[in-house]
Amino acid sequence: MGEEPHLTFDLDKPGTSKGHLIVPKGADCEALSLPVFSLNKGEGSRLLITGGCHGDELEGPIVARRLIEWLPLTHCGRAIVVPVLNPPAVQAGSRNTPVDGFNLNRVFPGRADGSVTERVADAISRLLLPMAETVFDLHSFGPKWDFPRKKSFTTTVPPPSN
Ligand SMILES: [Zn+2]
């Protein structure tokens, strides 16, 4: 086995910092470099926020990038944000990784000697999941899903009583 997955920066550095999570190359794909944002701001919850697990769900990466701007103003504790977990799938706009056909959301904890999707899961599992007590993995409908008609969303929540 060659290179180990690693971070290009110190997640424990106080304040905000940015770097990359390096997913080693394999027989099927060159090494991947996933942008990572880190916030260390005193005591508080330890969050990991990820988007782009499925490459055809672009709301996750968009929301994650907005959180990178918003979290330093509001969040206390630690937050790690990875806007795009699966760059090959996002570049292709496909749910699964085009290189190996795998669904990243189904291969955790991954394999260090596996295909590219399994190597991404392995890197996340080993380096980022242990840092968090709560994980928000942002998903959405994607282009193939139809919203139910508005009538289906009618709720029975009573109006405010003030
Ligand atoms: Zn999804």
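Ligands are counted one by one from 1 in listed order, and the atoms in each one are counted from 1 as well. As the structure is a prediction and not an experimental result, all values here were calculated from the model.
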When hydrophobic residues are tied together by side-chain contacts of less than 4.5 Å, even through go-betweens, does Val120 share a cluster with Val82? yes

With respect to the Zn ion (ligand 1), please indicate if His54 possesses an N, O or S atom at a distance under 2.8 Å.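 Checking His54: at least one N, O or S atom is under 2.8 Å.
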
If you consider just the N/O/S atoms, which atom of Glu57 is the closest one to the Zn ion (ligand 1)? OE1

Of all the N, O or S atoms in His139, which has the shortest distance to the Zn ion (ligand 1)? ND1

How far apart are the closest heavy atoms of Gly110 and Ala121, and which atoms are they? CA-CB, 3.7 Å

Yes or no on side chain to side chain donor-acceptor pair (under 3.5 Å) for Asn103 and His54, after CA distance, side-chain angles and deciding distance? CA-CA 7 Å; Asn103 179 339; His54 294 132; 2.7 Å; yes

Among Asp100, Asp113, Asp28, find the residue that satisfies the salt bridge (Lys or Arg N to Asp or Glu O under 4.0 Å) test when tested with Arg119.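 Passing option: Asp28.
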
